[in-house]
Each structure stands twice: as C-alpha cells, then as structure tokens.
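So the structure is just underneath, and the comments pick up after that.
Here the structure is a predicted model, which means the values were calculated and not measured. For ligands, and for the atoms within them, numbers begin at 1 and follow the listed sequence. FYI, side chains are in, hydrogens and waters are out, and symmetry mates aren't considered; it's all heavy atoms of this structure.
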Amino acid sequence: MSLPVHLQSRYLPLGDQRTGRLYGQDVLSVSQFCRDDLEYIFGVAEAMRTMVAHIGTVDLLKGKILANLFYEPSTRTSSSFAAAMERLGGSVIQINEVRYSSVAKGESLPDTIRTLESYADVIVLRHPETGSAAIAAQHGRKPIINAGDGIGEHPTQALLDLFTIREELGTIDGLTVTMLGDLRYGRTVHSLARLLSLYNVRLNYVAPEILRMPAELLEQLNAKGVHQAEYDTLDPVMAETDVLYVTRVQKERFADISAYDAVKGAYVITPETMARFPSRMALMHPLPRVGEIAPEVDSDPRAAYFRQMEFGLYVRMALLAMVLGKA
Ligand code: NCD
C-alpha cells in the first residue's frame, strides 16, 4: 500500500509540470541536453533516491503505461526502466523476446511503434541499428526513449554515468576521465564522451588499435575545444585519472570472431592495477563485465559500478516523470 498523497509529496515535491523540461519529448541523443537540463535531471533523480529510501513507491505516474521494447539483450536497462515505472505507480508492457512478437513475422519498426503507442504513454526502445530510435520517433506520436541504438548512442546510460561521477567525486568540472576498452563499438562511451564535453574535463582514450574511438567523434569534440588524448596502454594516464570507465569488448558487433578473440582480454583491471591509481578516484563500468574487472576488485571502495547501476534507477525515474509531465 502506498502512502497518502499528502505524505508522498513530503518526499517527492513534484507536481504536474506539463510545461516542464522534457515534457512530451523524445530522449534520442545526449546532444539534446545542455548543462542546465542535466542539473535539473540530477535534482529530480536525487529526489527520487530520497523517496525510494523512505517510502519505496509513489503514485506519481499512476495510470501511465510504459512499453519496454528490446530487440537486443538487456538486464539493467530493461529492468531498471520497468522498476522505475512501477516505483512511480505506473505499469509496464515488457517486450524482451521480439522473436515471440510480430517482429518475428516481419513487422517493421514503424508499425511496431504505432502499435505500442496505441496502448502505452511512453516507449523505451533498444535496437541493433544506429539511428533506429530517431526513425521510431519520426513515426511515433508518443515519447521514445533511446535505450541503445546499435553502436550509436545510449543516452540514459550516459546520464546515469554522469550522475554517478557527481555522487562519487562531488564534481565533474576539472576531472580527468579515462575510457578503456572497446571505444569503437561501445555506445556508452560515445554518449558519455559527448555529454562530458559540456564540462571542463580532460578525456583519455585507451584502446587497442582496432577499437579506437571513432574519428568523427574525436573531430566533433576537438572542434569544441575538448582536451582528448589516445593511448594503447593505461600506464601513462594512471596517476592523473579521476574516473576510469571500463567497457566490455562488444563481441556481437564483430563480423570476424578471430578479430574479437585477438583483443578480448586486452585489458584486465586487478587489485594490482588499482594500487597504481590515486586513492581518490572512481572505477566505473556500464556492465555486464566479461573479465575486464577481476571480482577481487569489487571490495575496493573506489569500485563504483554496483552503485552506478543503482543510480540508473533514480535517473530513469526522473526521466520518466519528466517526459510524462510530472516533474
Ligand atoms: C551496455 C550496452 O548495452 O551498451 N549495457 C548497459 O546498458 N548497461 C554496455 C554493454 O553491453 O557492454
């Protein structure tokens, strides 16, 4: 049973904000946000965190329905959006196994979107093709939230990554962020680097030659005056790193599996590696990990990846509330 509305508002001072930021909008790319938007989202996410800690669930989105449409595997993104909707009192249509839906009969993405928006108020979409969320948004009337479009973007992950950095280190300006691993196919780092370019940061990219950050992204950020440097080992950047953002080599994006095998174990973070980083820093990973961070590192206070996935719940609650005009 949830608390009476007058008590809920003590924990969540949010009202009907149909003129509010993001109301009725799609969330397709981090490029749509300015720093002011981010501060606003993080403020709402903080309120969500307090609310969950105190009362767990509210009625803010009672009667609203989310369609969670996943054409690619997901644990965290899918279940945190579902939990976010339910903690706000809404409900969820979950489509994980598109092979059991009409997609398997050959239905196009626009038709599937038209179908789901006749039942739901907002659609969260993960799809293997870059640009698919934008295509869905062109054909849809209801807000589309991009939960990963191939190797393109993963904007809600970048928002929760930034929220995590802020929670762990208290600031974003002035930091040096080192991204490690699959910078070519990893959509999380594509979104995160773009979002960080709104702040005064230094970005280091550490990757094997075949997994370097796309040249187009390097150029975009260069044009904005962002300090970026590329390396193939961690050694030169360890002492200056405030945030180490580790990624999984994206096996599913490789056409040639022997090329994957050649780079899959390129970097592994162990307690010995951690001993060479500053005592105050944050080790992050969007997860799932498949060997890039040894489990022995989990007890290191700098290992932030499990807190990071929890923060995803609060950020996604904030986004749903805002898009549906309640924050
Ligand atoms: C990431 C993704 O799907 O891009 N996972 C996630 O959403 N937390 C990272 C990955 O799969 O490696």
Side-chain angles (χ1 to χ4, degrees), residues 27-30 45 66 68-85 94-98 123-133 144-165 177 179-196 205-208 210-211 213-214 217 243-254 260 263-269 282-293 298 303-317 319-320:
V27 177
L28 301 179
S29 159
V30 291
L66 158 71
N68 226 4
L69 176 60
F70 281 71
Y71 289 73
E72 282 190 337
S74 171
T75 304
R76 272 151 293 271
T77 308
S78 164
S79 54
S80 65
F81 265 115
M85 195 62 185
Q94 185 71 39
I95 304 186
N96 274 342
E97 297 277 2
V98 288
I123 298 174
V124 170
L125 172 69
R126 171 170 290 185
H127 193 280
E129 275 164 44
T130 306
S132 51
I144 303 282
I145 300 180
N146 181 3
D149 60 328
I151 62 167
E153 280 221 35
H154 194 347
T156 68
Q157 178 73 42
L159 291 169
L160 78 89
D161 292 340
L162 219 58
F163 184 76
T164 304
I165 296 173
V177 178
M179 301 184 184
L180 174 75
D182 188 346
L183 309 185
R184 177 179 182 185
Y185 297 123
R187 55 194 170 201
T188 66
V189 282
H190 299 163
S191 287
L192 182 58
R194 289 196 175 101
L195 206 54
L196 282 168
Y205 307 130
V206 182
I210 64 159
L211 298 180
M213 198 57 114
L217 191 145
V243 175
L244 178 64
Y245 191 97
V246 183
T247 62
R248 172 180 71 91
V249 179
Q250 308 278 299
K251 183 178 183 181
E252 65 275 33
R253 314 285 179 213
F254 282 76
Y260 167 75
V263 288
K264 68 178 179 205
Y267 308 101
V268 179
I269 305 298
L283 174 63
M284 297 173 59
H285 192 307
L287 302 176
R289 61 175 159 181
V290 289
E292 313 80 45
I293 301 180
D298 297 355
Y305 32 92
F306 297 138
R307 295 187 288 278
Q308 185 182 350
M309 71 184 177
E310 179 189 327
F311 293 147
L313 172 68
Y314 312 131
V315 169
R316 287 174 174 136
M317 289 173 78
L319 289 173
L320 289 173

Evaluate Arg187 for polar contact with ligand 1, using N/O atom pairs at a separation under 3.5 Å. yes
Atom 11 (O) of ligand 1: closest protein heavy atom, distance to 0.1 Å, is Arg248 NH2, 2.9 Å
Ligand 1 versus Gln250, non-hydrogen atoms closer than 4.0 Å: side chain, backbone, both, neither? side chain
Would you mind running through ligand 1 and noting each atom that sits below 4.0 Å from a heavy atom of Gln157? 6 (C), 7 (O), 8 (N)
Tell me the contacting part of Glu72 for ligand 1: side chain, backbone, both, or neither, using a 4.0 Å heavy-atom threshold, strictly below. neither
Do His285 and Arg248 have side-chain N/O donor and acceptor atoms under 3.5 Å apart? no
Out of the candidates Asp182, Leu283, Leu287, Val268, only one should pair with Val246 under the side chain to side chain contact (heavy atoms under 4.5 Å, CB included) rule; please name it. Leu283
Considering only the protein, which heavy-atom contact is closest to atom 6 (C) of ligand 1, and what is its distance? Leu287 O, 3.5 Å
Considering non-hydrogen atoms only, spot the tightest contact between Asp161 and Met284 and give its length. O-CE, 3.5 Å
Any idea which part of Thr247 is under 4.0 Å from ligand 1, heavy-atom wise: side chain, backbone, both or neither? neither
Value rounded to 0.5 Å, distance of OG1 in Thr247 from CD1 in Ile293: 9.5 Å
Numbered atoms of ligand 1 (with element) below 4.0 Å of His154, judged on heavy atoms: 2 (C), 4 (O), 6 (C), 7 (O)
Check each atom of ligand 1 against the heavy atoms of Thr77 and keep those under 4.0 Å away; list them by number with element. 6 (C), 7 (O)
